[in-house]
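As a basis for the values below, the full set of heavy atoms in this structure was taken, side chains included, without hydrogen atoms, waters or symmetry mates. Here is how names work: the chains are called A, B, and so on, in the same order as the sequence lines, proteins then strands, and each is numbered from 1.
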There are 2 protein chains.
Amino acid sequence: MDGIRSIRAKSGTNLGGASAHNRRIMIDALRVNGALSRADLARATGLTPQAVSNIIEELARDGLVRSQASVRKGRGQPATPYQLVPEGAFAIGLQIDRHVTRTVIVNLVGDVLVQMEAKLPPGGPAQGVVVILDLIRKARNALTAQAPEAEKRLVGLGVAMPGPFGINTLYDDPWMMTAWQNFPLMDRIAEGTGLEAALQNDAAAAATAERLLGAAHGLDHAICIYFGYGLGAGLILNGELYGGAHANAGEIGMILALVPGDGPDVEPLEHYASMAALCKLLDFDPSEPELFAMITDAILRGGPKLEQWMDSVAERLRRTVQILESIFDPQTIILCGGAPRVLIDRLVEKVEPLLPSIAERSRRYPEARLQAGLADPWSAALGAAAEPIARTFDPRFSAILKTV
Amino acid sequence: MDGIRSIRAKSGTNLGGASAHNRRIMIDALRVNGALSRADLARATGLTPQAVSNIIEELARDGLVRSQASVRKGRGQPATPYQLVPEGAFAIGLQIDRHVTRTVIVNLVGDVLVQMEAKLPPGGPAQGVVVILDLIRKARNALTAQAPEAEKRLVGLGVAMPGPFGINTLYDDPWMMTAWQNFPLMDRIAEGTGLEAALQNDAAAAATAERLLGAAHGLDHAICIYFGYGLGAGLILNGELYGGAHANAGEIGMILALVPGDGPDVEPLEHYASMAALCKLLDFDPSEPELFAMITDAILRGGPKLEQWMDSVAERLRRTVQILESIFDPQTIILCGGAPRVLIDRLVEKVEPLLPSIAERSRRYPEARLQAGLADPWSAALGAAAEPIARTFDPRFSAILKTV
DNA sequence: ACTAATAAGTCAAGCGAATTGATTTAATAA
DNA sequence: TTATTAAATCAATTCGCTTGACTTATTAGT
């Protein structure tokens with residue numbers, strides 16, 4: 001502790017760092033705004049037109065942007081807008097859930113090109129990782145079959161898994177997939193695929209998906225409540241995903257928040273509000289492949305048991321939303337998840353009217369206080385795929401973080 | 001909406017921006033680590049020794065750092081450590097509370113040089129701002145009397161006020177100082193002092209103080225619960241203060257969180273847990289100048305009424321801490337505030353044992369899950385003073401944010 | 001129809017902070 | 001006494017951004 005004194009400091013930067021930052025800025029601006037001319041980009045970023053010109057030229061050479069037909073908009077030379085090239089980059093997303101694993105491959109703008117799933121064997125991660133690597137291999141083959149050049153432009157692989165990470169089983173809870181977390185999963189996957197791999201929890205992945213192509217597109221402050229087999233939240237703060245000190249931020253499934261009538265023995269929120277709780281209520285097998293259809297049917301059929309459950313979940317979510325609004329002061333809160341569309345939509349309806357909070361301001365953004373986001377079994381995998389793209393091209397992984 | 005298309009983009013950067021960033025990096029590293037040699041700084045920041053040398057030389061010329069006696073630590077040329085020069089910069093902090101305004105002047109390392117307060121007249125902001133400007137004038141005179149050169153090195157003025165901002169009286173609540181918030185306070189102060197002035201809520205200011213010179217020193221993820229006349233939280237996320245979409249993040253005083261026994265008519269948290277609530281309980285006049293001494297006396301004397309109140313507040317804080325831990329996954333939570341030391345310490349004691357949460361990990365940081373921070377009536381003013389220093393010298397206001 | 005005004009975009013030279021690699025200085029270890 | 005290690009500096013180079021002049025393409029005004 002003396003020879004290597006642990007000095008805490010942020011990283012310095014240099015010309016290369018600044019340049020990398022500016023490249024990412026451009027890509028980010030094009031993603032959020034659609035097509036922009038060089039002059040637009042110069043104005044928006046504060047860089048000189050010449051600098052923008054050089055950067056755009058380089059990005060075009062790299063196959064990441066391309067020009068559109070020029071548009072005349074008044075006096076002066078017409079502008080040539082540039083847009084992202086969808087096939088400029090590809091990424092793999094992998095979701096590992098309790099009973100199933102899903103993988104998707106998306107391009108730079110988030111189009112899904114390949115989509116595959118497999119049942120996870122009960123033998124735990126040692127057997128599971130074999131299935132996973134096999135699934136990824138098949139997905140890559142499918143990608144190559146449909147776009148031969150794509151493989152060269154794979155920028156990475158994102159993995160989404162239920163959290164929390166690094167906790168020694170807080171509650172004795174089979175949902176926590178402890179075995180998976182003590183397994184060198186990421187090493188095995190990185191090794192097996194030859195790709196850079198990053199891990200995040202499923203709620204964070206879903207939030208990334210919302211930001212890149214969902215309800216949080218272009219927002220800098222949004223909280224995404226992920227209603228899946230468990231319950232979590234992805235936190236978009238200052239336009240970045242926030243992970244906390246140990247990548248466990250947003251674990252709202254673990255909060256012990258009461259609703260009127262609860263006693264001191266209240267259980268963690270996700271024991272009430274989650275697909276797991278619903279399966280228990282309806283006595284459905286969560287590993288059932290047709291689970292979503294079954295739940296959708298059940299909801300459409302209705303019935304007092306289900307209505308009562310949704311009402312009670314809505315009450316808990318109503319209070320959770322009030323807490324999140326007070327704590328984060330976000331532009332909006334998004335309810336999304338690996339859950340059937342009808343369920344998410346019904347819950348959003350039932351949570352209204354919201355409780356009073358600081359979010360109740362006269363001049364609000366166009367965004368509602370609470371809205372529905374992406375809702376399908378693939379949303380976590382989609383978000384996982386969005387992560388490497390964000391990592392590669394988002395300014396937040398920029399100059400400041402790493403000297404190049 | 002067509003002529004000026006609102007394009008959303010982050011700012012680009014250039015050589016000047018990178019350079020400014022690196023300067024701030026250096027100052028930040030010296031603040032957090034104490035004295036460091038140029039070689040240390042080079043290793044810690046990833047910059048070359050030559051670059052560090054140039055920057056340090058420039059900072060020394062500007063009077064912000066100075067060298068200490070060189071130290072021999074083994075083989076090789078002895079290192080010359082550099083430290084921040086306390087009198088390298090000064091800043092004014094101003095707290096505007098319900099009944100009183102306080103101002104402090106601190107130097108670069110946070111030493112308090114001047115400390116003055118004044119009663120606020122009941123006439124509202126129009127009269128109040130006169131008192132405030134007069135108080136600041138007196139404080140500056142006192143500063144000049146004790147350090148004639150200091151006035152030239154004033155980097156700014158920070159104002160701390162109770163939030164939330166921009167809300168049209170959510171509850172009909174006399175605590176919210178609505179009149180002050182609809183008054184062009186900051187313009188008047190900036191104009192009257194000739195200094196750059198920034199506004200934040202008192203909890204955020206207290207968190208800045210904790211980070212620069214309190215329990216959160218050097219931490220990147222900490223939540224500071226500010227127990228003052230009201231209740232709020234300052235959020236330090238990724239080493240930066242987080243303000244939310246409208247600078248109201250951390251308003252935990254407004255959450256409607258229940259404890260066992262509460263009904264649906266639960267009131268906002270700060271109606272139970274705050275100095276205001278305590279004053280009501282004890283029938284103390286909050287504008288009483290000797291309030292802190294009176295409360296301290298009352299607590300030391302004890303008695304069932306007070307114990308019961310503290311127990312009930314502790315129960316609410318216990319649940320709030322569990323929620324904050326689950327949501328933020330911080331390194332630590334700090335209970336601080338404009339409240340007497342004994343009260344803060346007693347509350348921290350009484351909140352134990354904490355509820356189970358994801359913060360309960362086997363290998364925790366040295367930091368406890370909950371600890372006491374700064375606790376005195378001046379802490380918000382101190383934090384307000386820390387803000388301009390942070391703004392001037394913190395890397396977070398760096399290259400990325402503004403092209404120089 | 002012609003000219004002035006406006007805006008997009010390029011060219012070429014210059015700048016400046018960091019890098020690179022060689023060098024100097026000052027200590028300890030052998 | 002010599003080799004080794006580490007801090008710090010010197011001098012030359014690098015490279016992306018800026019500056020300012022210039023070209024191109026369109027509309028507005030007379």
Does [N] have OP1 or OP2 under 4.0 Å away from a side-chain N or O of [X]?
{"X": "B/Asn54", "N": "C/dA18", "answer": "no"}
{"X": "B/Asn22", "N": "C/dA18", "answer": "yes"}
{"X": "B/Ser53", "N": "D/dA8", "answer": "no"}
{"X": "A/Thr48", "N": "D/dT18", "answer": "yes"}
{"X": "B/Thr80", "N": "D/dA8", "answer": "yes"}
{"X": "B/Arg38", "N": "D/dT9", "answer": "yes"}

CG (A/Leu219) and OG1 (A/Thr332) are apart, to the nearest 0.5 Å, by 7.0 Å

How many angstroms lie between CG in A/Asn14 and NE2 in B/His21, if you round to the nearest 0.5 Å? 10.0 Å

Does A/Thr193 have any side-chain contact (heavy atoms from CB on, under 4.5 Å) partners at least two apart in sequence or in another chain, and if so, which? A/Leu133, A/Ile136, A/Arg140, A/Leu157, A/Ile189, A/Leu195

Atom-pair distance ([atom1] on [X]; [atom2] on [N]), nearest Å:
{"X": "B/Arg75", "N": "C/dA29", "atom1": "CZ", "atom2": "C1'", "answer": "4 Å"}
{"X": "B/Asp40", "N": "D/dA6", "atom1": "CG", "atom2": "P", "answer": "13 Å"}
{"X": "A/His21", "N": "D/dC17", "atom1": "NE2", "atom2": "P", "answer": "11 Å"}
{"X": "A/Lys73", "N": "D/dA28", "atom1": "NZ", "atom2": "P", "answer": "15 Å"}
{"X": "B/Leu59", "N": "C/dA17", "atom1": "CG", "atom2": "P", "answer": "13 Å"}
{"X": "A/Glu57", "N": "D/dG16", "atom1": "CD", "atom2": "P", "answer": "13 Å"}
{"X": "A/Tyr82", "N": "C/dA8", "atom1": "OH", "atom2": "P", "answer": "14 Å"}
{"X": "B/Ile56", "N": "D/dT9", "atom1": "CD1", "atom2": "C1'", "answer": "15 Å"}

Of all the nucleotides listed ([options]), which has the minimum atom distance to the side chain of [X]?
{"X": "B/Pro78", "options": "C/dG9, D/dT9, C/dA27", "result": "C/dA27"}
{"X": "B/Leu15", "options": "C/dT19, D/dT18, C/dG16", "result": "C/dG16"}
{"X": "B/Asn14", "options": "D/dC17, C/dA12, C/dA17", "result": "D/dC17"}
{"X": "A/Arg72", "options": "D/dC17, D/dA28, D/dT26", "result": "D/dT26"}

Angle between ring planes, B/Tyr242 versus A/Phe328, binned at 30° and 60°: parallel, tilted or perpendicular? perpendicular

In terms of the nearest nucleotide of DNA chain D, which residue is placed more toward the 5' end: A/Pro49 or A/Gly74? A/Pro49

First encountered from the 5' end of DNA chain D, between A/Gln77 and A/Ile55: A/Ile55

Regarding A/Ser37 and A/Asp40, is there a side-chain donor-to-acceptor distance under 3.5 Å anywhere? yes

Just by distance, with hydrogens left out, do A/Asn54 and A/Gln50 show a side-chain donor and acceptor under 3.5 Å apart? yes

Checking side-chain contact (heavy atoms from CB on, under 4.5 Å) against B/Val52, which of B/Arg38, B/Arg43, B/Glu57 comes through? B/Arg38

So A/Ser70, base contact, sugar-phosphate only, or nothing? Heavy-atom distance under 4.0 Å. nothing

With sugar-phosphate meaning primed atoms plus P, OP1 and OP2, does A/Arg43 contact a base, only sugar-phosphate, or nothing at under 4.0 Å between heavy atoms? sugar-phosphate

Show your reasoning for whether salt bridge (charged side-chain N to carboxylate O under 4.0 Å, His left out) applies to A/Glu58 and A/Arg61. CA-CA 5 Å; A/Glu58 196 194 320; A/Arg61 260 205 317 279; 5.0 Å; no

DNA chain C in dot-bracket form (Watson-Crick or G-U pairs under 3.5 Å, [ ] crossing, | inter-strand) is ||||||||||||||||||||||||||||||

